[in-house]
Amino acid sequence: LTGLVYGLMALGLSVIFGVVRVVNFAHGEMMTVAMYLTLVLFSALKLDPLVLLVPIAAVLFAFGYLLQRGLINPFINRPEHSQFMLLVAVALILVNVQLIVFGPDAQGIRTAYSFDSFQLGPVIVDAAKVYAAAAALLVAGALFAFFRFTLLGKSIRACADNYQGALVVGLNVKHLYALTFGLGAACVGAAGAMLMAVIDVTPTIGPAYTLLAFVIVITGGLGSMPGALLGGLLIGVTEALGGVLFTPSAKSMFAFGLLVLVLLFRPQGILGRKAH
Amino acid sequence: MKRRQFTQAAAGLAAATTLAPFGIVRAQARTLKVGVLLPRSGIQAGIGQDCHRGVQVATAVLKQLGLPGLEIMNGDTESNVDVARSRAERLISEGAQLLVGAFDSGQTTAIAQVAEQRGIPLVINIAAAPPITEQGYKFVFRNFPTAPMILGDAFANQLEVFAAAGAAPKTAVFMHVNDTFGVAMQKGFTGVMSKFTMPYKVVDTIAYDPAARDLSVEVAKAKASGADALIMVSRLNDAILITRELVKQRWSPMAVLSMGPGWYEDQYLKTLGKLSDGPLSFVPWYDPNKKLAGQLEAAHRKAFPEINLNTNHIYTFEALLVAADAFKRAGSTDPKALADAIRATSIKDNVSPGPGVQFNAKGQNDAMKNSAIQNRGGKLVAVAPKAAANAKPELPMRPYDKR
């Protein structure tokens with residue numbers, strides 16, 4: 001179930017790369033920003049994180065839009081290592097600002113359902129994870145609908161499919177790129193708000209989530225939206241099964257094992273398209 | 001100015017110039033530069049910050065004891081072995097005359113290598129992996145029990161607790177972190193347990209990653225073993241995660257027997273509220289009957305009224321106590337003289353249980369004793385050994401759904 005939330009986080013990475021062709025190395029750190037925002041708003045307003053995900057996604061959207069417009073856009077046509085260094089620098093700044101503001105201790109929130117669970121025969125399911133997974137599916141569904149049925153969504157897809165063509169037909173590519181980065185950041189924001197219902201946050205967990213997002217999108221298919229969700233689900237299930245059937249301490253090994261298998265036998269990812 | 005006055009002034013100036021360096025030497029010898037290496041950021045940041053509270057309280061208490069002042073130079077290991085090594089190098093280059101640290105066995109091992117190579121004494125505050133003091137090092141000293149010592153006392157104290165409570169588990173599942181400390185404890189567990197007649201049988205052993213974000217699978221596996229009790233070797237964040245999972249997965253073992261940090265720490269108590277009550281921790285603690293323990297407790301309460309005195313504070317303080325005591329006796333900042341003075345340490349009025357602080361030929365304080373403590377209403381009480389206890393144990397633990 002948590003895999004679906006991870007999938008939503010990775011969906012943001014996939015959307016950004018699929019359109020803007022920039023790999024967001026500050027992805028996990030942006031998620032910890034969203035988690036801390038949830039923490040602060042929860043303390044102040046006592047609203048459920050699943051309600052807070054709407055304003056937090058909006059804030060992260062604005063952050064992503066401005067970040068792309070102001071900082072990343074000049075790097076779009078620069079070598080990939082320049083983009084890499086820029087986003088790693090952004091990630092480092094985010095981690096250190098969070099350390100200064102919130103300190104290094106793990107912090108969490110306690111909702112009315114934090115300790116609830118559902119019993120389905122012999123299986124006990126964590127209620128918070130069920131709600132978070134349902135919300136992740138809902139947000140992902142809304143994003144799919146946006147890209148499929150709205151004019152703006154179609155314009156963004158046009159940019160992704162044919163950059164030159166998009167320019168020729170008069171699309172404002174800079175604005176659409178920033179919008180896409182904002183949407184990717186909004187996905188991360190929503191995922192961060194949901195994750196606060198499930199786990200605690202520390203500033204230093206960001207890099208682990210960036211890595212996890214990469215594993216998920218590479219498994220599912222870089223640039224593929226359904227692939228990101230499927231990747232999240234597969235990684236979650238693989239870790240759980242590996243932990244139950246073998247040893248829990250090696251569960252990450254099974255996730256990376258799956259990644260290696262995908263790279264060997266389907267390098268474009270499970271739902272990815274081959275590069276031409 | 002007359003010639004005689006000029007001659008006197010010149011002679012005075014010459015004398016002052018000649019003696020000045022000795023003056024500087026005397027001034028330098030008034031304080032000892034101590035490089036304190038702790039994981040104050042990264043995954044162990046919470047515990048590293050907690051250890052630092054022991055440093056903050058130490059100055060005032062050492063002054064009360066009439067010991068010389070220490071000039072503290074802080075180094076953050078970032079919970080990383082390589083960073084720990086480089087920070088140790090840097091602190092020594094910046095003038096540290098003695099090192100203290102570093103909570104984690106892996107990081108401490110790296111720092112010990114640097115200390116030995118550079119000939120600077122290292123007083124370990126917390127680190128339990130036995131090999132650290134088995135290398136024949138001449139500059140490394142540990143006033144903290146090794147994993148086998150912790151385990152031996154843990155089993156002895158468990159037997160005392162079960163007898164006092166009139167209840168004991170028949171089966172147990174052993175869960176441990178798979179870091180240096182956790183693996184050292186796991187390796188020693190079976191061997192040390194065989195020396196005691198324990199009432200329970202260990203039905204499963206589950207290792208897990210200390211950086212894990214989700215421990216639901218681990219707890220599900222432990223629950224499936226059907227064990228009466230849960231034996232833990234953990235850190236702080238994972239202790240919180242495991243407790244949450246115990247509640248969510250509706251499993252209330254009759255006892256949680258922890259042989260490491262996490263379960264008694266303030267953040268654990270604050271984060272979980274009434275759900276934090278009940279676990280027994282078999283840990284290096286303090287003897288509330290010792291005079292210095294009272295002094296440290298009072299100073300700690302004054303500085304941090306919201307935080308209970310715990311292992312992290314106590315052993316970090318005692319490491320600095322060892323440093324200040326050795327410096328006083330050595331009367332010098334010379335590393336070799338300091339190391340010789342530490343080797344000859346004999347502090348009877350200390351804080352931790354046992355006969356006091358002294359080191360064997362390997363640099364290990366092998367006379368230390370550990371305690372059993374229990375979480376009770378957001379506070380910690382010592383329940384064993386009887387000589388260092390202030391409450392009786394409560395067993396079985398109250399089920400989580402009845403709180």
Side-chain angles (χ1 to χ4, degrees), chain A residues 1-3 5-6 28 35 95-96 98-100 102-110 113-119 122-130 195 198-205 207-209 211-212 236-254, chain B residues 39-50 76 78-80 175-179 182-183 205-224 235-238 240-241 243-251 265-268 270-273 275 400-401 403:
Chain A
L1 289 170
T2 318
V5 184
Y6 293 155
M35 292 175 86
V95 169
N96 285 289
Q98 288 167 35
L99 271 169
I100 292 165
F102 298 103
D105 290 347
Q107 296 180 63
I109 58 171
R110 198 160 157 177
Y113 51 85
S114 278
F115 292 100
D116 288 356
S117 52
F118 302 117
Q119 182 137 23
V123 181
I124 290 177
V125 188
D126 184 344
K129 285 180 185 170
V130 172
L195 268 183
V198 182
I199 62 164
D200 290 349
V201 60
T202 62
T204 47
I205 60 168
Y209 280 101
L211 180 66
L212 183 67
V237 170
T238 309
E239 283 197 357
L241 283 178
V244 170
L245 300 177
F246 298 94
T247 171
S249 63
K251 60 187 181 183
S252 297
M253 187 184 81
F254 291 97
Chain B
R40 293 178 64 186
S41 61
I43 189 167
Q44 294 165 345
I47 295 178
Q49 296 286 359
D50 205 33
D76 178 8
E78 298 175 15
S79 311
N80 179 302
M175 289 180 74
H176 69 90
V177 281
N178 62 358
D179 59 9
V183 172
T205 299
I206 299 167
Y208 63 88
D209 181 359
R213 299 170 293 271
D214 181 352
L215 291 170
S216 53
V217 173
E218 287 80 350
V219 173
K221 203 166 180 180
K223 185 187 175 188
R235 301 289 190 188
L236 174 61
N237 289 344
D238 44 323
I240 294 172
L241 283 178
T243 309
R244 283 183 183 150
E245 283 302 327
L246 289 174
V247 180
K248 286 178 188 176
Q249 299 193 23
R250 305 176 191 185
W251 183 34
E265 284 173 52
D266 267 61
Q267 205 185 330
Y268 180 86
K270 278 180 192 151
T271 306
L272 294 166
L275 295 173
Y400 288 116
D401 57 347
R403 297 184 185 201

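Keep in mind the model is a prediction, meaning the values are calculated, not measured. Hydrogens, waters and symmetry mates play no part in the numbers below; they use all other heavy atoms, side chains included. Each chain gets a letter, A, B and so on, in the order the sequences are listed, and its residues count up from 1.
The shortest side-chain heavy-atom distance between B:I240 and A:D200 falls under the 4.5 Å cut-off. Between B:D214 and A:K129 there is a side-chain heavy-atom pair separated by less than 4.5 Å.
Across B:L272 and A:R110, no two heavy atoms sit closer than the pair O-NH1, 3.6 Å. Closest approach of B:K223 to A:I124, counting heavy atoms only: NZ-CD1, 3.4 Å.
Looking at B:K221, the atoms closer than 4.5 Å to chain A (heavy atoms on both sides) all sit in the side chain, from C-beta outward. Only the backbone of A:F118 has a heavy atom closer than 4.5 Å to any heavy atom of chain B. Using a 4.5 Å cut-off between heavy atoms, B:Q49 contacts chain A through its side chain alone, with no backbone atom that close. For A:L212, the part sitting under 4.5 Å from any heavy atom of chain B is the side chain, from C-beta outward, and nothing else. Interface remark: A:T204 contributes side-chain atoms only to the contact with chain B (heavy atom separation under 4.5 Å).
Chain A forms more heavy-atom pairs under 4.5 Å with one residue of B:A207, B:G42, B:S79, B:G48 than with any other, namely B:A207. Most heavy-atom pairs under 4.5 Å with chain A, from the set B:V247, B:V177, B:T271, B:L241: that is B:V247. Heavy-atom pairs under 4.5 Å with chain A peak, among B:L275, B:I47, B:I206, B:D209, at B:L275.
For B:Y268, the side-chain hydrogen bond (donor to acceptor under 3.5 Å, both in side chains) partners at least two apart in sequence or on another chain are B:T243.
Under a 3.5 Å cut-off, the side chain of B:R244 and the backbone N or O of A:S114 do not form any donor-acceptor pair.
Here CZ of A:F115 is found 14.0 Å from CZ of B:R250. Values are rounded to the nearest 0.5 Å.
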